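Quantities reported herein were computed from a predicted structural model and do not represent experimental measurements. Below, chain A is the first sequence line, B the second, and so on; all start at residue 1.
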2 protein chains.
Amino acid sequence: MSRVLSGNGYAAAAVRERVLAAVRRIGYVPDANARTLRNRSSRSIGVLISDLRDPFYADLAAGVEQELRTAGYHMVLVNDNGQAHEEMRAVTEFLAMRVPGVILTPVSARAVKTLHQQGIRVVQADRRVSRRYGDAVLGANEAGAEMVTRHLLDLGHRRIGLVIDETRWTSGAGRLAGYHAAHQAAGVPADERLIARNAGFDPEAAGKATGRLLDEHPDLTAVFAANNVLAQGALQEIQRRGVAVPRQLSLAAYDDVPWMSMVRPSITTVSQHSVELGRRSARVLLDRLAEGDPDRGTTVLNLEPELVVRSSTAPPTRNPR
Amino acid sequence: MSRVLSGNGYAAAAVRERVLAAVRRIGYVPDANARTLRNRSSRSIGVLISDLRDPFYADLAAGVEQELRTAGYHMVLVNDNGQAHEEMRAVTEFLAMRVPGVILTPVSARAVKTLHQQGIRVVQADRRVSRRYGDAVLGANEAGAEMVTRHLLDLGHRRIGLVIDETRWTSGAGRLAGYHAAHQAAGVPADERLIARNAGFDPEAAGKATGRLLDEHPDLTAVFAANNVLAQGALQEIQRRGVAVPRQLSLAAYDDVPWMSMVRPSITTVSQHSVELGRRSARVLLDRLAEGDPDRGTTVLNLEPELVVRSSTAPPTRNPR
DNA sequence: ATTCCGTATGGGATCGTTACCACAAGCTAG
DNA sequence: CTAGCTTGTGGTAACGATCCCATACGGAAT
């Protein structure tokens, strides 16, 4: 009987033994769907990310999975490729599955709102599109970008290019703000023309954008690529042109992914501790689920990033490119 | 009513319209658990891999997810970290969820057998531990390893070190066999002492193993690292020692991951087309689910790998290390 | 006008689990 | 000795969707 297995209710020791033996013998495993139907609560958590092939998201998902597994939950993982309609599709699936919670790197506020309104706990990870609904676990993007920009300014750079894909999400907006803040603090005017916005979402596009920036501004002495994909494109373009790093040009990145410590020179970057970001997101969600209380404020965590200084940044030299 | 939504059964156009309108208005989404319970078939597929942070597995999972999503299924992803007990835990979860199928990079034959005996379709991806149960989608490891070893032999190398972690799974065994086969075909005796077995599952251990190999065999002119993690460790150790690649030592790898084309020199390797491996695994599973027939033989796919020749391999030179 | 057929619709029964209730048995206290 | 309580056990309803069957209704044919 159910009482033996769940531990609730009474069951004589003898009966309990007999039941357990039978269970083991025939390999009986209770039906999770029936359980969910009856209990109105599932052990599945929806996880929605942009791109599993990007090590940043893969690490995030790995952190989430680890924490969930430890707590006896499991992860239903969906890739939305940054597309709002795929995101909504997944949201509908999660609703159908009656998951108690969802962790997502959100694309549209509508997705977050829909989930919240159906009573599902939501954690926005890495970026935040909805201030009204759901908790959030974010990297401190402004602080991180300010750190790395200050590092470049401290080295003596005055003309620092910024390669960035989008600035509407909190992640991009924060990094842009940090870039500006560091300039302001150092009393160096930030030149808007040195900012390559909408640099694209793949290395090729980022490479082209970087190339354009280098062509139009021969006085650039450093480039800051605002994520790992952009950094990959930037580095490839820089290598293609035979520009010496860091002698002719310093390069700094955001997100610490394996190749950055493999290449020579190794790349100075900001580590977001992406696995930890995932773990904390799961933790926040699990805590939410543990408290029965429906609406007790909003949790927003900002994880401090870490500046990892390597060999791709150095004081500027007078050598023209 | 259910008839309107599922499309089965009759429903007057007027009634259908009214029902659909109400559905949209209140945001009703049918309960997947109730459906699974009643229909005895779920749209969840269990996916069990070793390490999401390893780009090979991440790509595999991404391929699986893409294909499943397209077919209207979703992926419950579990990391087993190569541990048999975690694998069995996940198997039990999948049984509880009544998933119709599981795709896994298997660790123990018991996991595969248990699933199969409970009537769950199984696809073994990347490696095969059970010949009796379940389909398999594999890389042609022997062919791939033979290709890259032949490439080194053709360049003139006669003393080629092999760094490999395990040789019990089909993946490792196949690569070892390919290494031998290429030697045999070229009439070059393979020296067993040049094979560093059990080189470990992280870059540090692989680096140490590579170091030992280099120390004990100063006549080595090439090293073949049998997967991407081993290659990372090997490269780091080689760089640490200041050994010039490919002038003093050629390096070849297995699995094409991003850093291999980023580093200088870029690394010659064998691409397994890991995303495609995942896609095909899902395809095989979906086909299996489509045919009602329970036991119609066993599908085993061997995907042809591709030798990607880059700059880390060159003819040996006389320069001693 | 009555029968018959085809189409449309409502009403269970069912899937596996669990929460709850009724009841039985044993025990203590008045 | 019996009333009232504790402790253990079996039975049953309910979760939500779906399948099947019974039934009702309209129209056509005899």
Engineer: Answer yes or no: does atom CZ of A:Arg110 have more than 12 heavy-atom neighbours from other residues, nucleotides or ligands under 6.0 Å?
Structural biologist: no
Engineer: Measuring to OP1 and OP2 of D:dC19, would you say a side-chain N or O of B:Arg38 lies under 4.0 angstrom away?
Structural biologist: no
Engineer: Provide, to the nearest angstrom, the distance between the CZ atom belonging to A:Arg43 and the P atom belonging to C:dT17.
Structural biologist: 17 Å
Engineer: Can you see if the side chain of A:Arg40 gets near the phosphate of D:dG16 - specifically, an N or O under 4.0 Å from OP1 or OP2?
Structural biologist: yes
Engineer: Rounding to a whole Å, what distance do you find between A:Asp31:CG and D:dC15:P?
Structural biologist: 18 Å
Engineer: May I ask you to say what A:Asn39 touches in the nucleic acid, namely base, sugar-phosphate or nothing, with a heavy-atom cut-off under 4.0 Å?
Structural biologist: sugar-phosphate
Engineer: Could B:Arg89 and B:Glu93 be called an ion pair, given the rule that one side-chain N must be under 4.0 Å from one carboxylate O?
Structural biologist: no
Engineer: Quickly, which of A:Ile45, A:Leu48, A:Ile49 forms a side chain to side chain contact (heavy atoms under 4.5 Å, CB included) with A:Leu77? Name it, please.
Structural biologist: A:Ile49
Engineer: Give a yes/no on whether any side-chain N or O of B:Arg35 is located under 4.0 angstrom from OP1 or OP2 of D:dG16.
Structural biologist: no
Engineer: Which pair of heavy atoms, one from A:Asp80 and one from A:Ser50, lies closest together, and at what distance?
Structural biologist: OD1-CA, 3.3 Å
Engineer: Nearest-Å distance, CG (A:Leu37) to C1' (C:dC15)?
Structural biologist: 9 Å
Engineer: Find the distance B:Arg98:CZ to C:dC15:P and express it as a whole number of Å.
Structural biologist: 14 Å
